[in-house]
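Please read the structure below before turning to the comments.
Reminder, nothing fancy here: chain letters follow the sequence lines and each chain counts from 1.
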Amino acid sequence: MSRPIITIAELAKHAGQEVTIRGWVYNWRKKGKLRFIILRDGFGYLQCVVFRPEVDESVWETAVELTQESSVEITGVVAADERAPGGFELKVSGLEIIQIAPEFPIGKKDHGPDFLLNHRHLWLRSKRQHAIMRVRSELEFAIRDFFQRRDYTLIDSPILTPAACEGTSTLFETEYFGETAFLSQSGQLYLEPAAAALGKVYCFGPTFRAEKSKTRRHLTEFWMVEPEVAWLRFDGLLDLCEEFLSEIVARVLDRCTEDLERLERDVSKLRPTADGDFPRLDYAEAVAKLKALGSDIQFGDDLGGDDETLLTEQFDRPVLITRYPADLKAFYMQPDPSDPSRALAVDVLAPEGCGEIIGGSERSDSLEHLERQIAAHDLPRESFEWYLDIRRYGSFPHAGFGMGIERCVAWICGVPHLREAIPYPRLINRLNP
RNA sequence: UCCGCAGUAGCUCAAUGGUAGAGCGGGUGGCUGUUAACCACUAGGUUGGGGGUUCAAGUCCCUCCUGCGGAGCCA
C-alpha cells in the first residue's frame, strides 16, 4: 500500500503526494459546489477541499453529511496553497466517515466558564485549550529535564499521609482502614529525609488543599514540583530558583512558539525571564517599596494580592522576596541567624500581576528549634517524631522550594484563571467531569 | 466564611412595571475559494425554585439554590 497514513504535523514532507489523515471535523464551510472541511487530528489543523465536479458523487454526498466533531478518514493530495491556513490543503479524493456526531455543544461563539467547565472533556478539543495543554506538557518535561541533568533523584512522595505538613485544617480527610488519612498537601516532609539519603532530590506530583478559597489562583488539586537539596544554604536556594525558572521558561519559549502564538501571548514579556538576573528584595525593602507605591501594608503583614500585583508591575521578570517575618511562615523554616524574628524564606512572584509561583526556604536543622516550633504551632508532636529524626541522625543544612505548575503554566500562557491550566480542574464547588 | 454581581431559547446576551427578541448553533434552500464565510426562510421559551407587592412582574420586595468576581489563605 503506497498511500501513507500521516498526521497533520507531517504534512510538509508529503507535498504533492496522496495521503490519508484521520481526525475530527473542527469546522466546515460550504460554498455551492465547494466544501471546506477543517480537520484536526491532535497535531494540527488542515483545510480539506471537496470540489463537486472533481470527486466521485459518493464522496460529495458523504461530505455533505459531515457535522462538527464527526470522526473521519480523509484521503487526498497535499497541495501548497496560499489561500489555506497553514499554507497546505488537502484536495480530497476519498472520505470515510467513522462516526457522524450529533450537534456539538461547544460552538464557534463565546461560552460562559460554567458551561465550558461542565464540558471540559469536550472543551479540551478547542484550539486554545490544545495549545495550553501542549505548553503544560513541555513545561513539565523541561522541569524533569532540569533536575535530571543536574543529578537529582526523583522521589515520589506519598499521596495518603497520616498527618499534616502545616496543620490539618486545609486537608482532605479519608477513612483508612479504621484510621484517618489525609491527602498530601506537600511532599516536602518526605523529601527532607530523602535528601539525606540521596543528596539532591525532587518530587513532582499532585497535591491537595481543602482551602475554601474561591479565586482565580487556587485549585483544590494542583501539581507541584519540589526540589530539596542537602548542604544548600539560603543564597544558593535563591540562585536555584532563578536558574530553574529562567531555564524552563527559555525552553518553553524555544519549543512552543506555535502554541504561544495561538494563545496570542506577547512573548517579549517572557524573554527577560529567560535571561535570569532576577531582582531580589528583602521583605523590609519590599514593604518600604510598597508603602512608597501607596499600599497600606505594615511591617509584619503578609503581602496581599494587590501588593503582589503592585510589586510585580515594577519589574520585567520574576522578583524574589526574601526573609519574611518568621511568624508568617511555616514551622520548619530556618531562622535568619542575623535576626531570628525573620525566616530564611523566599517567595518568587511572577510578573504581569501573576503573583506567587514559588515558595521556599532553608530548613531548620536544629532539633530544639523544631521541637519548640511544633509546640508553638500546636502540632501533634508524635506525628512528627520521624521527621525530627532527620535532626537527630546527622543533621545537615538543606533547603528547597515548591512551585505550583498551574500558576507557572497560567503565567507563561497568559491565561487569567488556573482552571484553564490543568486538564481537569478541581475547584471548591467543582468535581466534574 | 464574608462582600459585590448575575441567572431569559441548546449557547452568548437584549427587553422604561405594559405584545419575550437578536446573534451563534439546529433544519431547509442558494452560491467555484471560504477563513468564526455569506444570503434567504424556518423551528426553538413554565424568564433558576418558592412566596409577596401590583390592574399588570423577566423587571420591584423577601427567601432559597446555582454560578461569577473579589477578600482571607496559599503554590
Protein-nucleotides 9-11 of chain B N/O pairs closer than 3.5 Å?
unit_1	atom_1	unit_2	atom_2	d
B:C11	O2'	A:D110	O	3.3
B:C11	O2'	A:H111	ND1	2.4

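- One can find a donor-acceptor pair under 3.5 Å joining the base of B:G33 and the side-chain atoms of A:E89.
- With sequence neighbours excluded, the residues forming a salt bridge (Lys or Arg N to Asp or Glu O under 4.0 Å) with A:R125 are A:E69, listed by chain and number.
- For A:K33 and B:G33, the NZ to P distance is 11 Å, given to the nearest whole Å.
- Using cut-offs of 30° and 60° on the angle between ring planes, the pair A:F115 and A:H111 is parallel.
- No donor-acceptor contact under 3.5 Å links the side chain of A:R217 to the base of B:C73.
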Dot-bracket summary - RNA chain B, pairs being Watson-Crick or G-U whose distances fall under 3.5 Å, with | when paired to another strand = (((((((..((((....[..)))).(((((.......))))).....(((((..]....))))))))))))....
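- The aromatic ring of A:F36 is not stacked on the base of B:G33, since the criterion of ring centres less than 5.5 Å apart with planes inclined by under 30° is not met.
- Nucleotide B:U12 holds its P atom 12 Å from the CH2 atom of A:W123, rounded to whole Å.
- Residue A:L34 is classed as a base contact, given a heavy-atom separation below 4.0 Å to a base.
- Using a cutoff of 4.0 Å between basic side-chain nitrogens and carboxylate oxygens, A:E18 and A:K91 are not scored as salt-bridged.
- Among the heavy atoms of the strands lying under 4.0 Å from A:H417 are primed sugar atoms or P, OP1, OP2 only; no base atom is included.
- Residue contacts shown for A:E221 are absent, as no nucleic acid heavy atom lies under 4.0 Å away.
- No donor-acceptor contact under 3.5 Å links the side chain of A:K108 to the base of B:G26.
- The cationic atom of A:K31 (NZ for Lys, CZ for Arg) does not lie both less than 6.0 Å from the six-membered ring centre of A:F36 and within 45° of the ring axis.
- Between A:Y190 and A:W386, the distance separating the two ring centers is shorter than 6.0 angstrom.
- Looking at heavy-atom distances under 4.0 Å, A:E406 makes no contact with the nucleic acid at all.
- Taking atom P on both B:U53 and B:G58, the two are 16 Å apart, rounded to the nearest angstrom.
- Checked against the 6.0 Å centroid threshold, A:F244 and A:F147 count as a close aromatic pair.
- Within the 4.5 Å cutoff, the side chain of A:R271 has no heavy atoms near those of the A:R317 side chain.
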